[in-house]
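Keep in mind that what you see is a predicted model, and the values were worked out from it rather than measured. All ligand and atom numbering here is 1-based and tracks the order in the structure.
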Amino acid sequence: MLKRPSDFIMDKLEKIFVAGHLGLVGSALIRRFEAGGFGNLVKRDRSQLDLADEQAVRNFFAQEKPAVVVFAAAKVGGIKANTDFPVEFLLDNLRIQNNIIHAAHDSGVRKLLFLGSSCIYPKHAPQPIPETALLSGPLEPTNEAYAIAKIAGIKLCQAYAREYGANFVSAMPTNLYGPNDNFDLLSSHVLAALLRKAHEAKTRKARELVVWGSGKPRREFLHVDDLASACLFLLEKYDSAEIINVGCGEDISIRELAELICDVVGFDGKLAWDATKPDGMPRKLLDVTKLRDLGWRATIPLREGIARTYDWFRANCAQ
Ligand code: GDP
């Protein structure tokens with residue numbers, strides 16, 4: 001049951017564990033919490049805590065006893081990495097999420113926000129995709145392993161809610177981008193990959209930039225700072241075990257995205273299409289009615305978000 005928005009405001013001193021705080025999503029959450037005055041954030045990098053190690057995770061939760069957990073730790077990657085490494089995408093994600101969700105319950109966590117992905121939905125789901133499309137048809141093969149792991153995570157959270165009354169909620173973000181994204185061309189998602197390719201093509205004064213697939217698939221892109229603000233909103237206002245989509249409500253084709261990125265970066269060469277690479281899902285646009293009805297909307301327009309990400313890339317990654 002969808003609960004009505006309440007006036008509940010999180011205590012600024014509550015202990016919040018952001019699992020995966022160095023990644024694209026986790027680092028945005030830390031920025032958002034810090035900006036909001038939350039002063040009791042718990043972070044662990046991989047050298048301090050291996051989230052795939054069940055005993056280590058149990059010990060960590062028993063010792064730290066966080067009140068709130070945001071689950072932003074996952075093995076993630078773009079269409080190529082997902083296709084090439086299904087074992088790692090399935091096994092690592094299952095291990096990490098089983099360990100954290102189980103230990104969170106045992107140690108008495110008040111609320112856990114599990115972050116899934118829009119790729120949990122069937123390949124031929126209705127567009128925009130409503131939350132009810134979950135498990136209504138076969139998945140897109142290029143990210144099936146990751147999707148199955150995330151679906152298992154949702155189901156585990158829902159099982160804890162049903163069997164033990166745990167306040168474990170699951171949000172499904174659309175394709176994300178922003179600072180601390182992965183810009184490696186073999187494992188990144190499309191937006192980061194094209195930003196880097198456009199920057200390098202401009203720097204090398206190349207005549208063309210290679211884009212994978214046909215350019216026809218459509219994707220919805222959400223700046224990760226918008227996602228972080230949605231997460232805080234859900235922590236304060238959403239207490240249902242039913243999944244909830246997080247997106248901006250608009251999509252564009254990969255061709256349009258490539259053109260927009262070239263424009264922002266200032267690369268005026270040609271686009272070339274590599275048809276040997278897969279297109280993946282034909283379209284992924286989330287139906288965000290449920291989140292909008294609760295009172296949240298994305299605020300960062302795509303062009304501005306890309307420009308901000310390009311500034312970050314130049315300051316942190318570009319040679
Ligand atoms: P997806 O949303 O799970 O399919 O993951 P991606 O972000 O990796 O890919 C989205 C779409 O962008 C797919 O149709 C890709 O073929 C296309 N694409 C075009 N050029 C690139 C590229 O350089 N890297 C990636 N990862 N995808 C690309």
Which protein non-hydrogen atom lies closest to [atom], naming both residue and atom, and how far is it?
atom: atom 23 (O) of ligand 1; answer: Lys197 NZ, 2.7 Å
atom: atom 14 (O) of ligand 1; answer: Asp279 O, 2.6 Å
atom: atom 15 (C) of ligand 1; answer: Pro278 O, 3.9 Å

Margin query: Ring of Phe267, cation from Lys202 - is the NZ or CZ under 6.0 Å from the centre and inside 45° of the axis?
Written below: no

Check: Could Arg308 and Tyr310 be counted as a cation-pi pair, given that NZ or CZ must be under 6.0 Å from the ring centre and within 45° of the axis?
Finding: no

Hey, which atoms in ligand 1 end up nearer than 4.0 Å to a heavy atom of [X]?
X: Asn143; result: 3 (O)
X: Lys284; result: 1 (P), 2 (O), 3 (O)
X: Ile79; result: 4 (O), 5 (O), 6 (P), 8 (O)

Is the distance from the ring center of [X] to that of [Y] below 6.0 Å?
X: Phe85; Y: Phe89; result: no
X: Phe233; Y: Tyr238; result: no
X: His223; Y: Tyr177; result: yes
X: Phe183; Y: Phe313; result: yes

Nearest-option assignment for [atom], heavy atoms, candidates [options]:
atom: atom 22 (C) of ligand 1; options: Phe221, Trp212, Trp273; value: Trp212
atom: atom 7 (O) of ligand 1; options: Leu209, Val190, Leu194; value: Val190
atom: atom 24 (N) of ligand 1; options: Ser187, Ala81, Gly77, Ala193; value: Ala193
atom: atom 26 (N) of ligand 1; options: Ser188, Gly215, Gly78, Pro217; value: Ser188
atom: atom 4 (O) of ligand 1; options: Met281, Arg219, Lys216, Arg218; value: Arg219

Item checked: N/O separation below 3.5 Å, Ile254 to ligand 1 ->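 Not met; the criterion fails.
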
Item checked: Location of contacts on Val210 toward ligand 1, heavy atoms closer than 4.0 Å -> neither

Does a side chain donor of either [X] or [Y] reach within less than 3.5 Å of an acceptor in the other side chain?
X: Glu140; Y: Thr142; result: yes
X: Asp184; Y: Ser187; result: yes
X: Asn93; Y: Gln97; result: no

